[in-house]
Amino acid sequence: MASSLFSTDKTVAASNETPLCYSINSPPIKHNHTSPYYSAVFSGLGLSSNLFALVVLAKTFQHTKSRSRSSFLLFLGGLVFTDFMGLLVTGSIVVSFHITHFNWRKLDPHCHFCNFMGMSMVFYGLCPLLLAATMAVERFIGINRPFSRSTTMSNSRACSTVAMVWVTAGCISLLPLTGLGNYHLQIPGSWCFLNISSNPLDMTFSLIFSLVGLLSLAVSFLLNTVSVITLLRVCCGQDSSQRRRDYEVEMMVQLILIMVIASICWCPLLMYISKTVVSSVAADPYYVLFCIRLATCNQICDPWIYILCQESRLRCLLRRPCCRAASWRSRIYFSGFVLRRGTRSWIPGSTYYSDVPY
C-alpha cells in the first residue's frame, strides 16, 4: 500500500514538473503590450508581397538570356521564397495564438511545437542574411574577376548554392536539439525563440546565431563596397568604352538595398543578443519583442526591392551625366562605316560607333 502511494505521488510530481521550454515564461502569460492586428496585418502584407514578387521573378527569369543575370534571379528567388515560407510558418502560429489564445502547455506538453517554432525563427532569420552574403560573393567575383572562371555560374550551381545555404542555416537551428542551448516560450506567449542568458550552453548558441548573422552582414558590406567602386570606375571612367553593363548596375543596386535593409532590421537584435550574453545582463523581453518585429520588416521589404528596382525603372537613373559623357567619348566617327563593339565587323550605312554593351 505504501509503495503504491509513493509511486502515485511520484507520478503526480512528474506530471506537474514544468517542461524546459516553459521554465522561464510559463503559460498563460499576462501581457498588455501586444495587439493581434499587428501580426495579422504584417503577415498578410508580407505574404502577398512575396507571392507577387515570386510571380514577377518567374516571368522575368523566362525572358532572361544572360546567364549571370539568370543566376542572380535564382538567388533572389531563393531569398523571396525563404521570406515567404518564414512568414507563412511563423505568422500562422502567431496569428492562431492571438485568435484562439491556446495554452501552450496543454497543446504542447513536451515542447515539440515550441522547439519547431524556435527552429523556424532561427532558420528563417539566418537564411536571408546568408543568402545576401552569398549573392555579394557571386557579384564580387562576376564584377571584379570576370575572367577568373571560364563561364559564369550555371543555374544548377546557383540552385545548389541556395540549397547549401538552407542546409547551413538548418544545421545551426538544430543545435539546441543536440543540447547546445534551448528554445523557450517568449513574451507575450505567441512565439518561441532561443534563450538569451549567460548560461554557458545558451550563451554559446546565442553567440553562434548572432555572430553568424553579423559576419554575413559584414561580408556583404565589404564585398558590395568593392563591387560598387569597381562599377563606378568602369561606368564613369575612361575605360567605360571597354565595358558597360546596365544590368550589372541594376543587380548591384538591388543587392545594396537588400544589404542596407537587412542591416537596419537585424543589427539591433543581433548586437543586443551578443551584448546581453557577454555582459551577463538579464534580457529585456519587450525589447527583444521589438527587435523581432523590426527583423520581420526585412521579410516584407525584400520583395519590394526587386519589384520597384527593375531595369525599366532604373534605366533613367543609370543615365548619369558622367556616363553620358563617357558614351559620347566612346563613339568613333567614320565616313559611312561603323565598327560595333564585340563583333569585329564593319556595319555600313552608319556614321558613328555603336554603344552596344558586351
Side-chain angles (χ1 to χ4, degrees), residues 49-88 123-124 126-171 216 219-220 223-224 226-228 230-231 234 243-259 261-262 298-299 301-315 318 342 356-358:
S49 300
N50 283 279
L51 186 60
F52 179 63
L54 282 174
V55 175
V56 175
L57 278 169
K59 292 182 177 180
T60 306
F61 182 80
Q62 293 177 352
H63 298 89
T64 299
K65 297 180 181 180
S66 171
R67 178 173 291 185
S68 61
R69 181 173 169 80
S70 63
S71 62
F72 181 83
L73 290 176
L74 287 174
F75 282 119
L76 199 56
L79 175 63
V80 174
F81 177 76
T82 303
D83 289 338
F84 176 82
M85 292 302 301
L87 287 171
L88 181 63
F123 174 79
Y124 292 112
L126 287 179
C127 275
L129 303 179
L130 292 173
L131 281 173
T134 304
M135 294 163 68
V137 172
E138 193 276 335
R139 283 291 82 213
F140 173 82
I141 297 175
I143 293 175
N144 295 275
R145 299 289 186 269
F147 303 111
S148 63
R149 49 186 177 177
S150 57
T151 58
T152 54
M153 179 177 290
S154 62
N155 293 341
S156 59
R157 184 179 297 181
C159 293
S160 300
T161 305
V162 173
M164 288 178 59
V165 170
W166 288 342
V167 171
T168 302
C171 291
S216 300
V219 170
S220 299
L223 298 185
N224 287 336
V226 176
S227 299
V228 167
T230 303
L231 275 182
V234 170
R243 191 176 76 172
R244 170 97 180 279
R245 299 177 179 176
D246 287 352
Y247 70 88
E248 284 187 347
V249 181
E250 174 197 350
M251 289 188 288
M252 280 309 306
V253 169
Q254 295 174 359
L255 203 53
I256 289 295
L257 290 177
I258 290 174
M259 178 195 68
I261 293 177
N298 182 45
Q299 297 173 310
C301 296
D302 277 344
W304 289 104
I305 292 175
Y306 177 74
I307 294 173
L308 298 178
C309 297
Q310 297 181 63
E311 183 178 359
S312 58
R313 295 177 177 87
L314 288 175
R315 193 172 295 277
L318 299 177
V356 180
Y358 281 105

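As the structure is a prediction and not an experimental result, all values here were calculated from the model.
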What closest approach, in Å, do Asn155 and Ser71 show between heavy atoms, and which atom pair accounts for it? OD1-N, 3.9 Å
Which atom of Trp166 lies closest to which atom of Phe123, heavy atoms considered: O-CE1, 3.1 Å
What is the distance from atom CG of Leu126 to atom CG of Leu131, rounded to the nearest 0.5 Å? 10.5 Å
So, for Ser49 and Pro303, which heavy atoms are closest and what is the spacing to 0.1 Å? O-CB, 3.5 Å
Quick check for you: to the nearest 0.5 Å, what is the distance between Phe81 atom CZ and Leu57 atom CG? 13.0 Å
If you round to the nearest 0.5 Å, how far is CG of Leu129 from OG of Ser220? 8.0 Å
Atom CD1 in Ile258, atom CG in Leu79: separation rounded to 0.5 Å? 5.5 Å
Pairwise distance CZ(Phe84) to OH(Tyr124) - rounded to 0.5 angstrom: 10.5 Å
Test Val137 against Leu223 for side-chain contact (heavy atoms from CB on, under 4.5 Å), laying out the working first. CA-CA 7 Å; Val137 172; Leu223 298 185; 3.4 Å; yes
Just by modelled atom types, is the Gln299 backbone N or O under 3.5 Å from a matching donor or acceptor in the Asn50 side chain? yes
Testing the basics here: between Ala158 and Leu74, what is the closest heavy-atom pair and its distance to 0.1 Å? CB-CD1, 4.0 Å
Shortest non-hydrogen contact from Thr134 to Val165? OG1-CG2, 3.5 Å
How long is the gap from CG on Leu54 to CG on Leu76, to the nearest 0.5 Å? 9.5 Å
Heavy-atom closest pair, residues Ala136 and Leu255: CA-CD2, 3.7 Å
